[in-house]
Visitor: 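Please see the structure below; I have some questions.
Below, chain A is the first sequence line, B the second, and so on; all start at residue 1. Quantities reported herein were computed from a predicted structural model and do not represent experimental measurements.
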There are 2 protein chains.
Amino acid sequence: MEKSEEEKFRVRKLEISDKGKGFIELLRQLSVCDSVSDKEFEDRFRELSSLGDDHVICVIEDELAGKIVATGSVFIEKKFLRNCGKVGHVEDVVVDSNVRGKQLGKKIINFLTDHARSVGCYKVILDCSLENKVFYEKCGFEQKSVQMAMYFD
Amino acid sequence: MEKSEEEKFRVRKLEISDKGKGFIELLRQLSVCDSVSDKEFEDRFRELSSLGDDHVICVIEDELAGKIVATGSVFIEKKFLRNCGKVGHVEDVVVDSNVRGKQLGKKIINFLTDHARSVGCYKVILDCSLENKVFYEKCGFEQKSVQMAMYFD
């Protein structure tokens with residue numbers, strides 16, 4: 001029996017074998033990521049895994065193709081503000097340009113915001129381009145302020 | 001001999017005794033922070049200290065008054081993007097309304113961006129209101145995108 005779209009595109013946490021399934025190539029659709037060796041990948045993977053619930057990267061694998069087609073991450077910032085509150089920061093959300101229109105981005109965002117809520121965050125924040133603003137509004141976000149950046153390289 | 005303004009307003013890392021010097025009261029000028037017990041403060045302080053260079057909170061103490069008059073924090077996000085790059089996130093910058101106009105905000109930002117650069121970040125980012133945009137531009141930042149938020153409480 002053929003898998004439903006729902007079964008075909010499950011969200012799960014990043015696994016170390018996902019480098020071989022095009023995870024880095026997918027990130028390249030978002031920003032520069034030209035050279036990550038297996039060793040570098042594994043070191044960073046273990047470093048982030050050691051943070052447990054405080055840094056979660058999720059992916060959607062096209063299980064028929066054995067290919068990672070969507071990803072996103074959230075890390076938990078611990079503050080003194082808001083009575084020692086916690087904030088989820090969503091980063092590096094990308095859906096493979098070949099599989100857009102299947103609500104995979106929304107699945108990723110729901111997974112990440114559910115995680116942030118479950119660990120007790122009082123809010124989740126993210127930065128996006130003006131053109132992606134409508135997508136995030138559909139996911140339940142609203143614009144709060146502006147993002148500023150200083151580049152060193 | 002009287003201390004110069006430069007000596008009087010040095011930037012240093014947050015210390016556990018700073019709760020008794022008005023650190024929480026200062027944060028209240030930024031957002032809600034109504035009840036943090038000594039125990040909660042110490043627990044959060046130790047939790048953040050254990051992150052070492054990955055989470056730094058700095059303060060400026062008015063040493064004559066024994067009072068914390070400015071603060072800001074930066075935490076280091078580790079990515080796969082940008083060849084396993086690192087990004088500094090600046091949060092919770094506030095200067096006591098009684099000592100504005102002495103460039104203390106700029107000192108705080110310089111301390112935090114210097115830290116991010118020193119640990120190998122390729123950029124530092126922060127979110128701010130439109131009215132604070134000019135201040136951050138003077139500090140060397142430029143607007144990149146918009147900040148979105150989802151509140152749980």
Visitor: Side-chain donor-acceptor contacts of residues 64-74 of chain B below 3.5 Å, not counting sequence neighbours, with atom names and distances?
Guide:
| residue | atom | partner | partner atom | Å |
| --- | --- | --- | --- | --- |
| K67(B) | NZ | D96(B) | OD2 | 3.2 |
| T71(B) | OG1 | C58(B) | O | 2.8 |
| S73(B) | OG | E91(B) | O | 3.0 |

Visitor: By a 4.5 Å heavy-atom criterion (distance strictly below it), what part of Y151(B) contacts chain A: side chain, backbone, both, or neither?
Guide: both

Visitor: For F23(B), is it the side chain, the backbone, both or neither that has a heavy atom under 4.5 Å from a heavy atom of chain A?
Guide: side chain

Visitor: Please say yes or no: joined through hydrophobic side-chain contacts below 4.5 Å, possibly via intermediate residues, are L26(B) and I108(B) part of one cluster?
Guide: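 In one cluster: no.
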
Visitor: Quick check against the 3.5 Å criterion: does R82(A) have a side-chain atom that pairs as donor or acceptor with the backbone of S31(B)?
Guide: no

Visitor: Side chain, backbone, both or neither: which part of E142(A) has an atom under 4.5 Å from a heavy atom of chain B?
Guide: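 Contact with chain B is through both the backbone and side chain of E142(A).
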
Visitor: Identify which part of L14(A) has an atom lying under 4.5 Å from any heavy atom of chain B, answering side chain, backbone, both or neither.
Guide: side chain

Visitor: Are the side chain of D18(B) and the backbone of E15(B) linked by a donor-acceptor contact shorter than 3.5 Å?
Guide: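 Checked: pair present.
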
Visitor: Within residues 45-52 of chain A, which residues come under 4.5 Å of chain B, heavy atom to heavy atom?
Guide: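 Those residues of residues 45-52 of chain A which have a heavy atom under 4.5 Å from chain B are F45(A), E47(A), L48(A).
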
Visitor: Among the options F152(A), F141(A), F41(A), Y122(A), pick out the one with the most heavy-atom pairs lying under 4.5 Å from chain B.
Guide: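 So the answer, after comparing F152(A), F141(A), F41(A), Y122(A), is F152(A).
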
Visitor: Would you mind telling me which of G88(B), S145(B), G140(B), A116(B) has the largest number of heavy-atom pairs within less than 4.5 Å of chain A?
Guide: S145(B)

Visitor: Counting heavy-atom pairs under 4.5 Å to chain B, which of R44(A), K78(A), H89(A) comes out on top?
Guide: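 So the answer, after comparing R44(A), K78(A), H89(A), is R44(A).
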
Visitor: Is it possible for you to say whether V124(A) and L81(A) belong to one hydrophobic cluster, with membership spreading through side-chain heavy-atom contacts below 4.5 Å?
Guide: no

Visitor: Test side-chain contact (heavy atoms from CB on, under 4.5 Å) on K107(A) and N110(A); report intermediate values, then the result.
Guide: CA-CA 5 Å; K107(A) 279 190 180 186; N110(A) 287 345; 5.8 Å; no

Visitor: Counting only non-hydrogen atoms closer than 4.5 Å, can you tell me which residues of residues 32-40 of chain A sit against chain B?
Guide: V32(A), C33(A), D34(A), S35(A), V36(A), E40(A)

Visitor: Side-chain polar contacts of residues 132-139 of chain A - donor-acceptor pairs under 3.5 angstrom, sequence neighbours left out - could you list them?
Guide:
| residue | atom | partner | partner atom | Å |
| --- | --- | --- | --- | --- |
| N132(A) | ND2 | S129(A) | OG | 3.4 |
| K133(A) | NZ | Q143(A) | OE1 | 2.7 |

Visitor: Thinking salt bridges, do E63(A) and R10(A) make one under a 4.0 Å N-O criterion?
Guide: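 R10(A) and E63(A): salt-bridged.
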
Visitor: Looking at D127(A) and K144(B), does any basic side-chain N land under 4.0 Å from a carboxylate oxygen?
Guide: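 No.
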
Visitor: Counting heavy-atom pairs under 4.5 Å to chain A, which of L130(B), V87(B), L30(B), T113(B) comes out on top?
Guide: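 Option with the greatest count: T113(B).
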
Visitor: Give the cluster check for L126(B) versus V11(B): same hydrophobic cluster or not, with ILVMFWY residues linked at side-chain heavy-atom distances below 4.5 Å.
Guide: yes

Visitor: Just so I understand: if I count every heavy-atom pair under 4.5 Å between each of V146(B), I125(B), L27(B) and chain A, which residue has the most?
Guide: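 Ranked by heavy-atom pairs under 4.5 Å with chain A, first place is V146(B).
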
Visitor: How are the rings of H55(B) and F75(B) set relative to one another: parallel (under 30°), tilted (30 to 60°) or perpendicular (over 60°)?
Guide: parallel

